[in-house]
Amino acid sequence: MQTRYIPEEHEQKIYDLWQQAQAFNPDHNKQKKNGKTKPFSIIMPPPNANDPLHIGHAMFVALEDTLTRFHRMRGDDTLWLPGTDHAGIETQFVFEKKLQKQGKSRFQFDRKTLYQMIWQYVQDNSNTAVDQIKKLGASCDWSRFKFMLDDDVVRLTKETFTKMHEDGLIYRDIRLVNYCTKCGTSYSELEVQSLEQTTNLYYVRYPLLDSPKEHIVVATTRPEPIFADTHLAVHPKDKKHRQLIGKQVCNPLTQKPMSIIADEFVDPKFGTGIVKLTPAHDANDFAVAQKHKLPAHIAITREGKLTELAGKYAGLKVAEARIQIVADLQTQGLIEKIDTSYKNTVKICYKCSRVIEPLPLPQFFVSVNKPNNSLTKAALRALANKETKIYGAGREKILKHWLTNLHDWNISRQIVWGIRMPVWYQTDGYEAAITVSFLNKKGEYTSGTLGELLKKYSIATIKKGLQSLLADASVPYQVGDTAPSNSHNYLPETDTFDTWFSSAQWPVTTLKTTKQGDFARFYPTTLMETGYDILPFWVMRMMLLGIYLTGKSPFSEVYLHGLVRDSHGKKMSKSKGNVVNPLDMVEKYGADAVRMALVIRSTPGIDKSVGERDFIAMRNLTNKIWNATRYVLLQDREDSPTAPGDVVVEKKRAQLSSKLTKLLLTRKIGVAADVTYDAFWHWFCDDCIESHKKAEISTTCLSATLQTFLQLLHPFMPFVTEVCWRELCPDSLLINSAWPT
RNA sequence: GAACUCGUAGCUCAGUUGGUUAGAGCGCCACAUUGACAUUGUGGAGGCCAGAGGUUCGAGUCCUCUCGAGUUCACCA
């Protein structure tokens, strides 16, 4: 043996050895404990198949593999199920950027071609992700690997939609949705971020209809959709303004009459105490309009341009229109003043950071709090009765807060990459209410209402080349994977599911499609381990749909790791240039060092600072393990069977094992790693080996203690411990050995 | 506006459900060492555990308040 441990000489060989022995597969690992074994299962958070792994992935691999190996060694029926995600919008976004670099855009491709291009891209990346996870030493069962777009997973995902639809938990209706005009899709409330900004608050004059010389002043940050407004509102108890209720003013852009109504939502103290109502483009106004049955005129298109209602401004982008409209109003003397230092918060797209446009669109929603079938209340019950326990610094409260304030979930996405919603719209009799875009026989994009298009094209042609479809809320639809077989004509939905709709079912859809019996054997799973940043996106929704589908919460424990930060506690980002690539570190210091550096002294829910110095420190530990093994191997084991100090060493060894077991069972993984490190280095190496040199403890005892340490360290640092174990016991595998008690 | 987290050695962080004298890694100082390991060993300096009150036989740990840092949610015409 060399004086130094060189990871790259061993890691691949050891990993192959484990795989050959089928050590990761619970079906080949029915060992040890005679009779009953307890199941232990983790579903791996499927990495997005769009980018190489980052340090956060290394974190989850390290933590999950540590627990998996620990439980496997304890003799539990252990499954760690790997997979990858198609990651709908994320992937399409990354792919579009790639296209952009090549000077192309998604609009140059029909949906079938685009889908296939992304499919290929994702396959390549998915393979890279799998290779990288293997390099980190993950002992997950690759024979059960699942991909979110596997046929069987897709089928189950659609079945869930159908079932929920039948149960009245899915509805289609016009709601004000968060629409990103750049990404070309709507989002749920979770994908929208807030940004505080300084903006102009315009005080606009609305002339009274009766006496045009007088006017009412209304403050607004968004003057551009004024032409679509038909009402103003005041608070009913506002003494200053209530005499205005029922009066009429002129729309300053269209000169059309507008009525003044009363509603409690108006804050008399804000601005002038009078609000203009833009029901189609503001959440509050939308709600008020519904209450008072006011019309909602659409002023802004899905492309972010003004509609024909805008007259001479039609077709202008929102920002440009604002400038022109304000200028025109000023020349007419209809702007009283402009407050240029007004602070407000706008919603922006979490992907491209553009301002979100609230648009009224017919979309599919999951009803999350239906009175007699509340998904959120069921999840809250699971938390209250500890069916699911959360590890992660106050995150349970945050989860409860989400669950008690959640709005219905918009699951329609206007993107190609994803699982297409199994929905069919009846076209007969609704030709005017359906707008489509399709490729004609010459391959040209053609769009318009179905009524117009059917004058020139057959329904079959349109169906064949269909690119996108938008049906009014009034159009009847059927849910199903294939077109309904009746006398009507149907066109399919072109929207795909929110990516989280499929990942919310992941624990169920994976275990139901791997091996016969897996679902009964491993569901509910033991533990879900992931970053706290996707608690509402993923963990919460897995609870919602998992409980809905099975009656049981999908996991009994949730371990939320913190985000990995740089050595100064700063967030890693490409622009700061402080991103640590885990695979580079694996090449330099070995997988064991990377894993241990991430895990040691980490705490659930608390961010973890990691720098190169930490990897070096843990690389030194691998070397220490290697050299302690060398020392033992150099001894003649027959030489000294017993010595006076053995009893104490054996007792302490047993104490350590049981302490560590307790720590790992209570998921104090960071402490467990710390305790093991300390005991190995400062007790075994510094004391035991030195005592052995003085013949105070026997070689037999020293060797046995080393073996125990290799076992205790194995969950954290699997490669080096396995290498050393095989030097001591060439015929067995450490991964399969029984956890010391 | 609200919730959550954090404040411990020069830096980055632990502190195992309240229990001797508060720990680690890195850094610093001195010394040692040619048969496990310099990716080493021995010894050392360095902390009013943010501050103030409280509970307790006992508080870094539990409670209240203050200050400071960060994250998230909500509202905004």
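Each chain gets a letter, A, B and so on, in the order the sequences are listed, and its residues count up from 1.
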Both distances below 3.5 Å, Watson-Crick or wobble geometry, any strand: find the nucleotide opposite [N].
N	answer
C26(B)	G10(B)
U20(B)	none
G35(B)	none
C4(B)	G70(B)
C65(B)	G51(B)
G60(B)	none

Sugar-phosphate only, base, or nothing, as touched by [X] at under 4.0 Å among non-hydrogen atoms:
X	answer
Gly670(A)	nothing
Leu201(A)	sugar-phosphate
Asp614(A)	nothing
Ala617(A)	sugar-phosphate
Lys570(A)	nothing
Val675(A)	nothing

Without decimals, in angstroms, what is the distance between [X] [atom1] and [N] [atom2]?
X	N	atom1	atom2	result
Ile689(A)	U40(B)	CD1	C1'	12 Å
Lys608(A)	U5(B)	NZ	P	20 Å
Trp402(A)	U72(B)	CH2	P	11 Å
Phe537(A)	C73(B)	CZ	C1'	12 Å
Ile616(A)	C37(B)	CD1	P	21 Å
Gln2(A)	C37(B)	CD	C1'	13 Å
Leu706(A)	C37(B)	CG	P	16 Å
Arg667(A)	U16(B)	CZ	P	18 Å

- Message: Please evaluate residues Tyr631(A) and His692(A) with respect to the criterion ring pair (Phe, Tyr, Trp, His ring centres under 6.0 Å), reporting the C-alpha separation (whole Å), side-chain torsions for both, the decisive distance (0.1 Å), and the verdict.
- Response: CA-CA 10 Å; Tyr631(A) 177 83; His692(A) 178 266; 5.6 Å; yes

- Start at the 5' end of RNA chain B and walk down; is the nucleotide closest to Gly273(A) or to Thr666(A) reached first? Thr666(A)

- Message: Need to verify one output field. Residue with the more 5' nearest nucleotide on RNA chain B, Val275(A) or Arg630(A)?
- Response: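 That would be Arg630(A).
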
Looking only at atom [atom1], what distance separates [N] and [M], rounded to whole Å?
N	M	atom1	value
U39(B)	G35(B)	P	16 Å
G68(B)	A52(B)	C1'	15 Å
A14(B)	U61(B)	C1'	13 Å
G60(B)	G23(B)	P	13 Å
G27(B)	U64(B)	P	41 Å
C65(B)	C26(B)	P	41 Å
G58(B)	A9(B)	P	27 Å
C6(B)	A50(B)	C1'	11 Å

Exceeds 12 heavy-atom contacts within 6.0 angstrom, atom [atom1] of [X]:
X	atom1	result
Lys377(A)	NZ	no
Gln193(A)	CD	yes
Lys651(A)	NZ	no

- Among Lys240(A), His241(A), His235(A), find the one that has a side chain to side chain donor-acceptor pair (under 3.5 Å) with Asp238(A).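 Considering Lys240(A), His241(A), His235(A), a side chain to side chain donor-acceptor pair (under 3.5 Å) with Asp238(A) is found only for His241(A).
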
Out of [options], whichever nucleotide has its closest atom nearest the side chain of [X]:
X	options	result
Ser609(A)	C73(B), G41(B), U12(B)	U12(B)
Arg619(A)	A14(B), C37(B), U39(B)	U39(B)
His682(A)	A36(B), A24(B), U40(B)	A24(B)
Val671(A)	C26(B), C13(B), A14(B)	A14(B)
Arg601(A)	A74(B), U16(B), A24(B)	A24(B)
Leu663(A)	U16(B), G25(B), C11(B)	U16(B)
Asp686(A)	G41(B), C75(B), A36(B)	G41(B)
Tyr677(A)	C37(B), U16(B), G25(B)	G25(B)
Lys624(A)	U40(B), A14(B), C4(B)	U40(B)

- Message: With no hydrogens and no angle check, just 3.5 Å: does a side-chain donor-acceptor pair link Lys276(A) and Thr278(A)?
- Response: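 Per modelled atom types, Lys276(A) and Thr278(A) side chains form a pair under 3.5 Å.
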
- Roughly how far, to the nearest 0.5 Å, is the CG atom of Asp229(A) from the CE atom of Met258(A)? 5.0 Å

- Salt bridge between Glu11(A) and Arg595(A), side-chain N to carboxylate O under 4.0 Å? no

Establish, with yes or no, whether the OP1 or OP2 oxygen of [N] is under 4.0 angstrom from a side-chain nitrogen or oxygen of [X].
X	N	answer
Lys571(A)	G70(B)	no
Arg613(A)	G25(B)	no
Trp681(A)	G41(B)	yes
Lys397(A)	C4(B)	yes
Ser602(A)	A14(B)	no
Asn627(A)	U40(B)	no

- Query: Checking only heavy atoms, does the side chain of Thr603(A) share a donor-acceptor pair with the base of C13(B) at less than 3.5 Å?
  - Reply: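 Between C13(B) and Thr603(A), which were checked side chain against base, a qualifying N/O pair under 3.5 Å is absent.
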
- Item | Check: Tyr5(A) ring centroid to His10(A) ring centroid under 6.0 Å |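 When the ring centroids of Tyr5(A) and His10(A) are compared, they turn out to be within the sub-6.0 Å range.
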
